[in-house]
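Quick notes on the structure that follows.
When reading the values below, keep in mind they use all heavy atoms of this one structure, side chains included, and skip hydrogens, waters and symmetry mates. Order of listing sets the numbers, starting from 1, for every ligand and every atom in it.
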Amino acid sequence: MRQSSNNNTNTEGGFLGTLSSSSIKNLLPKSFSSKLNKPSSNPKTHKSDAENTPPPNPNIHINYHHQPHSKNPSISHNVDAPHDPPVKVVVRIKPEDSNIREAGCEIKKVSSETLCVGDLQFTFDHVFDTNSNQEDIFQSVGVPLVRNSLAGYNTSLLSYGRSGSGKTYTMWGPLNAVVEEPSGDSHQGIVFRIFRMLFSELEREECMSDGNYQCRCSFTEIYNEQIWDLLNPIQQKIEMKDDSKNALCIENLIEEYVTSYDDVAQVLIKGLSSRKGGATRLNSNTCRSHIIFTFIIESWCKGTSKNFSSSKTRRISLIDLAGLDKDSVGVAVSQYFRERRNVNKNLVDALTQEYQTGHDEDINSCLTRLLQESLSGNAKLSLIFTISPDNKSNGQTLHTLRIGQQHLKEELIPAKDGSVGSKCFQGRNVQESLNQLRVSTNRSLILPCIDNDDTDDEEIINEDDIRQLRQQIDELYSSSEGNLKDIPVSEDCVQFCSAEENCDADMTSDDENEKAAVCYGKTLSKPCHEEIVASIDNLLCTANISRATKSPLRDSISDSSCSQSPILDEPQLSESPKFSNTQRKGMAISPSYHGSWNNVAESSNFSKDVLGNSFKRGEFIQSSLQKSKAEILAASLQRGLQIINIHQPNSALNKSSTSFSFERLTLTPCPEINEVESSDRKIQKKHSSDEVTATLLCASCRTKIDQDSTEVQDSLKSWTETIGTAGNPDGLADKVPKHLESVVAKGITREELESVCKEQAARIEQLNQLVDKLNGKNEQNSIIAYGQREEYNSMKDKLLRGFSSYGHLPCIIEEKCEIKEVQEELAQRDSSFDATENESLLKEIQNLRSKLQLDGDAHVKKSTERYGSLMS
Ligand SMILES: Nc1ncnc2c1ncn2[C@@H]1O[C@H](COP(=O)(O)OP(=O)(O)OP(=O)(O)O)[C@@H](O)[C@H]1O
């Protein structure tokens, strides 16, 4: 045992300012000085084995028939332990200070258990409004604590809140109130009231029963992750270790034995006066450290023999956490947003899973370890959350309330009751649970620097929120089979997230923070994220039923960003009507396509509306893509028909060919075809009027031909007629040359020519029908897809309704659904475009063209030769 001396009290900005303990002693009632304790120090203080065991047979019973806060409560052996919840969370609203009022949040107590901040509602075990006094707090929190302690429970009281919100006031009260009699008017803090009542009870018990008790206390401070002994006049750090039995052991911690309220009061004053203080923007006398006052009661029951037969030990832990300043709130909130999806799971896991690994890094967390003994086992926990309407930022108040939300309690209670797992709160599981509690209540044990920074917390909240959303979006994209991921638009979307991040952070209102706050609270008691994701995935699986094939559009789109085409409506054809994969890959996506996603970037805020817009834009893209593809096919057909028509002066054929016309198609001139076309036109002119002189360039030798030659005219006439037969579907490969030969050799009549033209018209009609068929197929697919979509939509609605209370989650669900819908649409429309049919059409057209060119060249060559021979 070590004698503590009290001469070197730290007076730096602490609880009692410059007062020394000796002067304090003079302030106290006489009973204080007369009963000065036998202070002692254990070189090694560790918890007794008897601690933390539930009190099935508590050796002290209290009679609560009297007023619980009366000075002389009686202790009875016949009264059961009070029924108090294992975790009690109350909120105290600090009275508004008109001097420092800065557009704070409107906090309104709605009922004894509920308060509202704006539109948000929070429920706790009790809400103390600005009219509540110290006595009210004591009655609600202090008295049950004393009862529980006397009944054999370990009890803990923890205050938590923003700097200047009234933690210190609530816990200890102002200096001059220490010596006051506890009354409704007194400002004396709850801790002093607790010990006044406790000693009254203990004394009564001692008088009335055969039992005996002994009390000792210690006062520790955690500052910058170092433990300091507030009762040790030599300010030195102390070490915390585990002994061989895994019990907490703090070396050289002074424990003072106390026998009365006065003793305790003196110890409290001594310790508080040594607390490290400071000043923040919100509190000129702020406390920059966590302090833990531990009060241990050992009691003995006399057995039949003269010796004490049994003993019990229980402790009261009174914890005043450092005030959350702007920085730490920011860190905490930021961390909270990062971890919010895991808080629930981790907390429950931590409380139920046996601690199996050899060493946990968090074991070094001083507060966690110190609290372990207080909060574990049969401990009953009371949390006082203090909030102030003077806070500059609503986010800080909301943060406090979120942490104190009923859900945290709901998580802790079953665990403490043992209903979650039998092994909870045993051994090192406690560390896990406390780590989680620490994470939930005080993210940063390393006390932040005193801040005077005016940066808004909301920014931090929103940035993180947005970052999470962005991550979710990334996940969504990566989970969607890579299709959208590879599409440039998705990149645009992600880029937009990044680009808009800051903007969104700036623009996001408190309202959104509030929504997030509510979301968090609800998340704690709802199914974990994985379950939600699984539900979404199930839904999306259903959606995939209607997805026929993987979209080959992916290829065509993936290179599109390189291609720049001015107008989506007018896909450019390549020089040749021949289609190749390369050309399809190079299909131009117009700036309006890209622009549509850039517009998303400009307008999107991940709101529902915007998601809807995104989907509409997705539809636009789909239709654009489909339109482009259809148009390209149509254009190729058109081109083929034009080639045919060029050489087919029959009006019926021309009429047929116009059925393919697409008004918006602009065909890029093909030089060779143009030549043929112009020559053909000239030949026709020559037919109608032999007087017209024209110039014809032979495609092969470019020789100038004298059009006046009748031989040439005949030859050309024959060539033109022959060309018309090239479209004959039956004579594609080997019949045409033979037919050409026979036509040239025998000459053809006008009737024969018309018959050839009819055949050509029939062929064109076939092509038209083929196109119609393709269109019909599209419609059919649409009908099938409609039925599946109906089912899908109803499932989606159900899911959205189910998660409507999750704040932004429905948006995420909807977003994911919409991405799937876009994919589905793309795949569906693409699949309806049968690739085989498409290819065969293109092949046919290509065949036609090559035949035409072949025959044309051959015939012109022949005619030229004939002309040459004639000339010679
Ligand atoms: N309920 C209350 N009624 C009257 N005054 C109050 C109340 N709560 C707090 N105050 C006053 O507000 C000021 C700041 O309170 P206090 O020091 O308790 O805040 P705190 O939360 O402990 O701050 P920190 O964490 O920075 O130490 C003090 O002057 C205190 O007297």
Side-chain angles (χ1 to χ4, degrees), residues 12-17 90-102 104 107 109 115 126-142 157-178 180 184-193 221-223 271-293 318-329 332 367 383-392 396-397 399-401 403-404 441-442 444-445 447-452:
E12 223 180 86
F15 174 73
L16 296 175
V90 303
V91 171
R92 185 177 200 184
I93 307 168
K94 180 187 161 187
E96 195 174 329
D97 187 340
S98 55
N99 295 328
I100 56 171
R101 171 93 173 131
E102 314 170 51
I107 304 169
K109 179 180 173 182
L115 66 81
H126 203 99
V127 174
F128 296 97
D129 63 11
T130 53
N131 296 321
S132 303
N133 58 33
Q134 301 281 63
E135 179 65 13
D136 295 331
I137 305 287
F138 171 68
Q139 288 299 323
S140 174
V141 178
L157 172 61
L158 185 144
S159 67
Y160 178 89
R162 181 164 168 71
S163 178
S165 59
K167 297 180 299 297
T168 305
Y169 175 85
T170 302
M171 290 291 279
W172 321 105
L175 165 67
N176 55 8
V178 172
E180 289 174 0
D185 296 333
S186 168
H187 293 286
Q188 195 177 71
I190 188 173
V191 173
F192 289 93
R193 292 169 193 258
E221 177 180 39
I222 303 171
Y223 184 75
L272 289 169
S273 62
S274 301
R275 187 181 187 182
K276 292 168 185 62
T280 64
R281 184 168 53 84
L282 296 167
N283 192 1
S284 58
N285 193 23
T286 186
C287 303
R288 310 299 302 160
S289 60
H290 311 292
I291 53 171
I292 302 175
F293 182 76
L318 304 162
I319 303 138
D320 183 7
L321 295 178
L324 288 171
D325 61 15
K326 187 174 273 293
D327 281 347
S328 59
V329 168
L367 181 61
L383 298 122
I384 301 177
F385 287 81
T386 55
I387 56 174
S388 166
D390 297 330
N391 287 345
K392 194 173 181 183
Q396 291 147 6
T397 296
H399 168 67
T400 303
L401 293 172
I403 298 296
T441 56
N442 190 29
S444 174
L445 291 181
L447 296 173
C449 301
I450 297 171
D451 88 293
N452 290 303

Review point. Do any N/O atoms on G164 end up under 3.5 angstrom from N/O atoms on ligand 1?
Key: yes
Check your understanding: Any N/O of G166 closer than 3.5 Å to an N/O of ligand 1?
Key -> yes
Exercise for review: Return a yes/no value for K94: is any of its N or O atoms, backbone included, closer than 3.5 angstrom to an N or O of ligand 1?
Suggested key: yes
Check your understanding: For the atom pair NZ (K167) and CG (L158), what is the distance rounded to the nearest 0.5 Å?
Key -> 10.5 Å
Exercise for review: Please confirm whether S165 comes under 4.0 Å of ligand 1, counting heavy atoms of the residue only.
Suggested key: yes
Exercise for review: May I ask you to decide whether D129 forms a salt bridge with R92, counting only side-chain N to carboxylate O separations under 4.0 Å?
Suggested key: no
Check your understanding: Judged by non-hydrogen atoms, does P95 sit under 4.0 Å from ligand 1?
Key -> yes
Exercise for review: Find the distance between CD1 (I291) and CE (M171) and round it off to the nearest 0.5 Å.
Suggested key: 7.5 Å
Check your understanding: Judging by distance only, is a nitrogen or oxygen of T170 under 3.5 angstrom from one on ligand 1?
Key -> no
Study note, to complete from the structure: Rounded to the nearest 0.5 Å, the CG atom of L157 sits from the CD1 atom of I190 at a distance of 5.0 Å
Practice item. Examine distances only and state if a side-chain atom of E135 and a backbone atom of H187 form a donor-acceptor pair shorter than 3.5 Å. Key: no
Revision key, fill the gap. At under 4.0 Å between heavy atoms, what of H187 touches ligand 1? The answer is neither
Exercise for review: Provide the number and element of each atom of ligand 1 under 4.0 Å from a heavy atom of R92.
Suggested key: 1 (N)
Exercise for review: Please identify which atoms of ligand 1 are closer than 4.0 Å to at least one heavy atom of R162.
Suggested key: 21 (O)
Review point. Just how far is it from atom NZ of K109 to atom CG of N131, taken to the nearest 0.5 Å?
Key: 8.5 Å
Review point. Side chain of T170, backbone of G166: donor and acceptor closer than 3.5 Å?
Key: yes
